[in-house]
Q: 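Below you'll find the structure I mean.
Letters A, B, ... mirror the listed sequences (proteins, then strands); counts begin at 1.
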There are 2 protein chains.
Amino acid sequence: MTLRYIILGLLNYMSMTGYDLKVFMDRSINFFWSAELSQIYRELSKLEGLGYVNYRIEPQEGRPDKKIYSISQEGNIAFIEWLRDFPDTLSTPSRNEFLVRIFFSSKLKKEELILHFEDYIRELTKELKIYEPIDKKLSEKLIGKDCEDDIFYHKLTVKRGLSFARSEISWAKECIEELKKIL
Amino acid sequence: MTLRYIILGLLNYMSMTGYDLKVFMDRSINFFWSAELSQIYRELSKLEGLGYVNYRIEPQEGRPDKKIYSISQEGNIAFIEWLRDFPDTLSTPSRNEFLVRIFFSSKLKKEELILHFEDYIRELTKELKIYEPIDKKLSEKLIGKDCEDDIFYHKLTVKRGLSFARSEISWAKECIEELKKIL
DNA sequence: GAATTCATGTAACTTGTTACATGATTTA
DNA sequence: TAAATCATGTAACAAGTTACATGAATTC
């Protein structure tokens with residue numbers, strides 16, 4: 001269901017094609033949710049069936065015509081409803097393959113496992129370097145504006161990205177230390 | 001694919017029924033992976049088809065007979081292979097519904113959002129209280145043993161649970177502060 | 001000359017969720 | 001008396017992934 005509401009939420013910003021939605025998602029929400037184009041198209045058809053979105057066709061030459069989707073009033077109501085009933089139990093079960101692998105790593109050479117932790121740190125450092133300029137940019141955009149603005153909330157998620165990455169890096173470093181002790 | 005290797009990994013510890021696997025998972029790996037019984041049974045059939053597991057039947061009275069699964073040699077080879085080729089790109093896409101909701105929260109009253117952050121903090125505090133005694137227990141078990149032991153690796157994942165929960169709590173507190181500033 | 005962008009999708013598949021069914025025994 | 005535990009599963013559905021197809025225009 002989450003993808004459904006992401007689409008409605010984004011169409012609230014502006015009307016878009018399925019392709020646009022994919023591009024938009026890849027550049028924003030992708031840090032904490034992802035979806036394939038095929039999934040987006042499928043969901044758009046369902047949303048249309050529900051009357052939550054409408055589309056108009058913009059003809060193109062040499063390319064398939066654009067279907068520009070907009071959110072309907074009913075769609076907007078459904079979106080707000082979803083937003084308001086935040087699940088109390090932290091709904092989506094967390095799945096983390098990296099941790100599964102660590103859990104079973106007794107079967108791995110310590111040196112090898114250390115390399116994996118180092119890879120992990122490298123990945124997260126890259127992420128930090130992506131988040132930092134975004135954080136700055138959003139801060140600049142926010143100056144003088146009040147909090148009604150979406151940017152304020154986007155920034156909260158970017159801050160979380162920063163704090164998460166830093167915390168993971170320091171955990172991974174501790175793991176490497178522990179492993180080196182008993183090498 | 002991850003569930004497949006979790007099952008193989010657990011059967012490496014000991015032979016079990018599908019039901020046992022579910023119970024075992026719920027008490028350990030559940031913090032970073034979960035699966036329904038129906039999914040486990042389905043995967044066990046597939047694994048049997050692949051020759052990665054075998055089972056013997058233990059008859060029972062008044063209850064369905066037990067099917068006690070063991071890992072085969074081929075299964076063990078497949079498991080080790082999986083463990084060795086750690087994906088370089090941090091494979092499974094992270095999905096976090098809570099963050100999606102925060103991203104779109106401009107449509108929510110600030111007071112309401114603060115309540116959601118407080119719920120989140122409460123959840124994570126509960127988690128901390130679960131992890132802390134586990135961490136202690138594992139530390140005690142580890143004394144005098146060397147690192148070949150699975151417990152050492154399990155403890156790394158528990159440490160991560162602690163560090164994650166603490167980091168999330170402090171982020172959520174900051175968010176509340178930010179929101180109160182502009183209330 | 002090869003890959004990427006733009007824009008639509010379909011089809012087949014895997015994975016995860018929910019609901020249902022059975023039936024004795026134990027616990028609250 | 002209701003529910004949880006033990007133990008098997010099936011069926012239907014929802015969500016996510018991967019591969020395929022089209023075809024012009026642009027960038028490397």
Side-chain angles (χ1 to χ4, degrees), chain A residues 1-8 15-27 29-30 32-50 53 55-69 82 87 89-97 100, chain B residues 1-8 15-27 29-30 32-50 53 55-69 82 87 89-97 100:
Chain A
M1 280 298 95
T2 307
L3 175 60
R4 160 165 308 175
Y5 297 102
I6 290 172
I7 291 176
L8 292 176
S15 298
M16 283 186 260
T17 67
Y19 187 88
D20 293 337
L21 282 164
K22 169 67 173 158
V23 173
F24 204 112
M25 278 188 70
D26 282 351
R27 290 187 189 156
I29 243 158
N30 196 248
F32 40 87
W33 207 277
S34 62
E36 295 302 321
L37 246 178
S38 58
Q39 226 184 320
I40 292 172
Y41 285 129
R42 183 167 57 191
E43 194 58 42
L44 280 170
S45 317
K46 276 192 205 167
L47 285 169
E48 205 214 322
L50 288 164
V53 300
Y55 65 89
R56 60 184 174 81
I57 290 178
E58 196 180 281
Q60 297 204 122
E61 278 163 36
R63 296 205 167 157
D65 294 345
K66 281 188 181 186
K67 277 187 173 183
I68 303 178
Y69 287 89
W82 171 78
T89 302
L90 257 12
S91 51
T92 28
S94 55
R95 294 201 163 89
N96 186 324
E97 193 186 333
V100 172
Chain B
M1 280 298 95
T2 308
L3 176 59
R4 162 165 307 175
Y5 297 103
I6 290 173
I7 291 176
L8 292 175
S15 298
M16 283 186 260
T17 67
Y19 186 89
D20 292 337
L21 282 164
K22 169 66 174 160
V23 173
F24 205 112
M25 278 188 70
D26 282 350
R27 290 186 188 155
I29 245 158
N30 196 248
F32 38 89
W33 206 276
S34 62
E36 295 301 321
L37 247 179
S38 59
Q39 226 184 321
I40 292 171
Y41 285 128
R42 183 166 60 193
E43 194 58 43
L44 280 170
S45 317
K46 277 192 203 166
L47 284 169
E48 205 214 321
L50 287 164
V53 300
Y55 67 88
R56 61 183 174 81
I57 289 176
E58 199 180 278
Q60 298 204 123
E61 279 162 36
R63 297 206 166 154
D65 295 345
K66 280 189 183 185
K67 279 188 173 184
I68 302 176
Y69 286 89
W82 170 78
T89 300
L90 257 12
S91 50
T92 28
S94 54
R95 295 203 162 88
N96 185 325
E97 194 187 331
V100 173

Q: For B:K67 and for B:V23, locate the closest nucleotide of DNA chain D by heavy-atom distance; then report the residue assigned to the nucleotide nearer the 5' terminus.
A: B:V23

Q: Using a cut-off of strictly less than 4.0 Å between a heavy atom of the residue and any atom of DNA chain C, enumerate the qualifying residues of residues 37-48 of chain A by number.
A: A:L37, A:S38, A:Y41

Q: Pick base, sugar-phosphate or nothing for B:R95, based on heavy-atom distances below 4.0 Å to the nucleic acid.
A: sugar-phosphate

Q: C:dC6 phosphate, OP1 or OP2: any side-chain N/O from A:Q60 under 4.0 angstrom?
A: no

Q: Within this structure, what is the NZ-CE distance for the pair A:K22 and A:M16, rounded to the nearest 0.5 Å?
A: 13.5 Å

Q: For B:D20 and D:dT8, what is the distance between atoms CG and C1' respectively, to the nearest whole Å?
A: 12 Å

Q: How long is the line joining CG of A:L3 and C1' of C:dT15, in whole Å?
A: 16 Å

Q: Calculate the interatomic distance between A:W33 atom CH2 and D:dG16 atom C1'; express it in whole Å.
A: 10 Å

Q: Roughly, in whole Å, what's the span from CD in A:E36 to C1' in C:dT15?
A: 15 Å

Q: B:Y69 has a side chain; which of D:dG9, D:dA24, C:dT8 sits nearest to it?
A: D:dG9

Q: Please report the distance, rounded to the nearest Å, between NZ in A:K66 and C1' in D:dA24.
A: 15 Å

Q: Any side-chain heavy-atom pair from A:I29 and A:W33 closer than 4.5 angstrom?
A: yes

Q: If you define the side chain from C-beta out and look only at heavy atoms, does anything of A:L3 sit under 4.5 Å from B:R95?
A: no

Q: Quickly work out the B:K22 NZ to C:dT18 C1' distance and round it to whole Å.
A: 13 Å

Q: Measure the spacing between CE of A:M1 and CD of A:E43 and express it to the nearest 0.5 Å.
A: 5.5 Å

Q: Nearest 0.5 Å please: distance from the CG atom of A:L44 over to the OG1 atom of A:T17.
A: 9.0 Å

Q: For A:F24 and C:dA7, give me the distance from atom CZ to atom C1', rounded to whole Å.
A: 18 Å

Q: Could you give the distance from CD1 (A:I6) to CD (B:E97), rounded to the nearest 0.5 Å?
A: 8.5 Å

Q: Roughly how far apart are B:S45 OG and B:L50 CG, rounded to 0.5 Å?
A: 11.0 Å

Q: Between A:Y19 (OH) and C:dC6 (P), how many Å, whole number?
A: 4 Å

